[in-house]
Colleague: 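Mind having a look at this structure? Questions to follow.
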Amino acid sequence: MVHPNGSPNGTNGVTKDRSKLIPFSSRLKEGRALAQDVWSIFNAANLPADCINLGQGYMNFAPPEWIKDAANDALNTVAASHYSHPKGRPRLRQALKKYYDPKFGRDLDIEQEILVTSGANEGQYSVFVAFLEEGDEVIMFEPFFDQYLPSVTFNGGKPVYVPLHPDVSHGKITSNDWVIDFDELRRAISPRTKMIIVNTPHNPVGKVFTRAELEGIAALAEEFNLLVMSDEVYESLTFDDKEHVRIANLPGMWDRTVTVGSAGKMFNATGYRVGWLIGPASIIQPTLAATTRIVFCSNSPLQEAAAAGLEQVVDRKFFEQQRKEYNERRQILIDCFDDIGLKYTRPEGSYFILLDISEVTWPENYPFPESVKGRGRDFLACWYIALEFGVSSIPVSEFYCEEHVNIGERFARFAFCKDVATLKQAAERLRELKRIVNKTSA
Ligand code: GLN
């Protein structure tokens, strides 16, 4: 008898192509999950060995000693070698409470209102699992952190994009010049809108949303009964005395907001994969049900390390020191871009800086690899800069939907979460861009 799908081994003994026997889920066809992601294309492995990596946002330095010590201590205990409670280890939830109670002005309930997750990504994914129905719309501001997109579509959600508009008309723009058009935001809301994602401080713009902007978003969330996911993983990294405002703290917003945090960003430990969610029980409890069935629990030893971090961070004035260091790092790239005479967005938060690369040109027959062809112009520019000038960056059109690639392709994102010596060397190399900047259009 012939199997309805045909026999994997052809009749008469000729072997058929067995490389695609089992069709994969159509889910992967959505949310750009099958496209090569920007992190893989601009990965150190694909670039010359001596290329300085200002692309993917991770540090080239370690977490502080006192956090590494706590990780090592935890590895030597029996308890931390085993499962944790799906809510997170009690010590970490206590430490989160101690740190965040004053920030939220609340007496947080560690059983109901705090959830430890396997990095911020998994936490956000679990919120989508817990709250999205097929066809529910999720509003995200462009540029958006690329991971949001598949996390939404994998769970049946439909992304709806609202671009932040950069005012590039004047020379020196800051992240505050990337603004929301509130009429456009209102028009993006439909009867199917379920959620809105806010990211402040913002990756990749560095924007720290103002109180007025967050009030505007909050008013719409209240009017249309939206769940707000506030990705605040860069909360401890603000500059120029810019105030980090939590949308959850605006009147009435606690009940509809889940705030996302990350030990990776706070403590230079992006590989620890420890994140957390804070919000009302009505959001955290369904999300706990989802996360329990996705990962069951997060890794135990590094939760202990994150706990030690949060327990000591205030007394050690760690963030004050960290902000000073990042300010110095930011300045190295700012000075460099000023010297070259290229426009950039001065970031007021996070550790990224957007360079306007619209005047960067390259030889017509430059041998670009297939992976960057057919993408935005920025993919070519970033590749060319990485290969010819030895500094990698991330093309910003990756953070836009296809219809809006033209907005993003004007920019390359440089990460400054690197030590001063590395940034100085990168700046020295980037100064050479002067040679190829198309001054005629400047
Ligand atoms: N958040 C980091 C960045 O934006 C890393 C992202 C990732 O590797 N998925 O660079």
Side-chain angles (χ1 to χ4, degrees), residues 31-47 51-61 63 117-126 128 140-154 164 175 178 197-208 229-238 260-276 322 326 329-330 333 345 347 349-355 371 376 378-379 382 385-386 391-400 408 411-418 422-423 426:
R32 282 193 216 151
L34 291 175
Q36 205 186 5
D37 67 279
V38 75
W39 318 108
S40 308
I41 299 173
F42 288 89
N43 196 283
N46 294 336
L47 297 170
C51 187
I52 299 175
N53 171 29
L54 303 191
Q56 195 176 20
Y58 61 92
M59 304 80 192
N60 68 344
F61 42 88
T117 59
S118 300
N121 270 318
E122 187 268 312
Q124 294 175 98
Y125 190 91
S126 295
F128 296 130
M140 50 187 88
F141 293 106
E142 285 175 317
F144 58 86
F145 178 50
D146 67 329
Q147 199 80 357
Y148 299 154
L149 176 52
S151 299
V152 167
T153 60
F154 284 178
L164 293 172
S175 47
W178 289 66
I197 305 176
V198 176
N199 174 209
T200 183
H202 186 273
N203 173 13
V205 172
K207 179 179 174 67
V208 180
M229 172 133 72
S230 190
D231 176 352
E232 301 183 13
V233 297
Y234 299 100
E235 65 185 284
S236 51
L237 283 171
T238 51
V260 184
S262 157
K265 306 295 190 291
M266 276 186 171
F267 301 123
N268 313 324
T270 61
Y272 279 23
R273 314 309 296 141
V274 175
W276 47 82
Q322 192 179 52
Y326 271 96
R329 293 171 187 141
R330 179 182 67 149
L333 291 189
T345 297
S350 80
Y351 42 58
F352 306 109
I353 181 162
L354 298 187
L355 180 66
S371 56
D378 51 341
F379 274 72
C382 289
I385 293 170
V391 181
S392 69
S393 56
I394 294 292
V396 172
S397 65
E398 178 81 354
F399 303 118
Y400 283 84
F411 305 101
R413 187 195 83 172
F414 291 81
F416 53 90
C417 45
K418 310 290 168 177
T422 302
L423 288 167

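Computed over heavy atoms, backbone and side chain alike; hydrogens, waters and symmetry mates excluded. Residue numbers start at 1 and run along the sequence shown. This structure is a prediction, so every number in the text was calculated from the model and none was measured. Read the numbers this way: they start at 1 and go in the same order the structure lists the ligands and their atoms.
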Colleague: Test of understanding: with side-chain hydrogen bond (donor to acceptor under 3.5 Å, both in side chains), list the residues that count as partners of E398, not counting sequence neighbours.
Modeller: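 E398 satisfies side-chain hydrogen bond (donor to acceptor under 3.5 Å, both in side chains) with R375 only.
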Colleague: How are the rings of Y351 and Y234 set to each other: parallel, tilted or perpendicular (split at 30° and 60°)?
Modeller: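 Because their plane-to-plane angle is over 60°, the rings of Y351 and Y234 count as perpendicular.
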Colleague: Does the N or O separation between D146 and ligand 1 drop below 3.5 Å for any pair?
Modeller: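 Such a contact does not occur with ligand 1.
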Colleague: Considering non-hydrogen atoms of the protein only, which is the closest contact for atom 5 (C) of ligand 1, and what is the distance?
Modeller: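 The answer is Q56 CG, 4.1 Å.
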Colleague: Heavy-atom contacts with Y234 under 4.0 Å: which atoms of ligand 1 show up? List them by number with element.
Modeller: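 Contacts of ligand 1 toward Y234, numbered from 1: 1 (N).
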Colleague: Between atom CZ of F42 and atom SG of C51, what is the distance when rounded to the nearest 0.5 Å?
Modeller: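 Nearest 0.5 Å value for the CZ-SG distance: 10.0 Å.
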Colleague: Is the Lys NZ or Arg CZ of R329 less than 6.0 Å from the centre of F416's six-membered ring, within 45° of the axis?
Modeller: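 Judged by the rule, R329 and F416 form no cation-pi pair.
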Colleague: So Y148 and D231, side chain to side chain donor-acceptor pair (under 3.5 Å) or not? Walk me through it.
Modeller: CA-CA 10 Å; Y148 299 154; D231 176 352; 2.6 Å; yes
Colleague: Answer side chain, backbone, both or neither: which part of E398 comes under 4.0 Å from ligand 1, heavy atoms only.
Modeller: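 Contact part for E398 vs ligand 1: neither.
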Colleague: Does an N or O from N203, backbone or side chain, lie closer than 3.5 Å to an N or O of ligand 1?
Modeller: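 N/O-N/O distance under 3.5 Å: yes.
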Colleague: Please work out, at 4.0 Å between heavy atoms, whether the side chain, the backbone, both, or neither of Y58 comes within that distance of ligand 1.
Modeller: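 No part of Y58 is near ligand 1 at this cut-off.
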Colleague: Which of the atoms of ligand 1 are close to F145, meaning less than 4.0 Å from one of its heavy atoms?
Modeller: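 Atoms satisfying the 4.0 Å criterion: 1 (N), 4 (O), 6 (C).
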Colleague: For W178 and F411, take the angle between the two ring planes, folded into 0 to 90°, and tell me which bin it lands in: parallel under 30, tilted 30 to 60, perpendicular over 60.
Modeller: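 Rings of W178 and F411: tilted, as their planes differ by 30° to 60°.
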Colleague: Is there a donor in the side chain of D378 and an acceptor in the side chain of S397, or the other way round, less than 3.5 Å apart?
Modeller: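 A donor-acceptor contact under 3.5 Å links the two side chains.
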Colleague: Show me which atoms of ligand 1 lie under 4.0 Å from any heavy atom of W39.
Modeller: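 Checking each atom against W39, I get 3 (C), 4 (O), 6 (C), 7 (C), 8 (O), 9 (N), 10 (O).
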Colleague: Just need the protein heavy atom nearest to atom 2 (C) of ligand 1, so name the residue and atom and give the distance.
Modeller: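 Answer for atom 2 (C) of ligand 1: G57 O, 3.9 Å.
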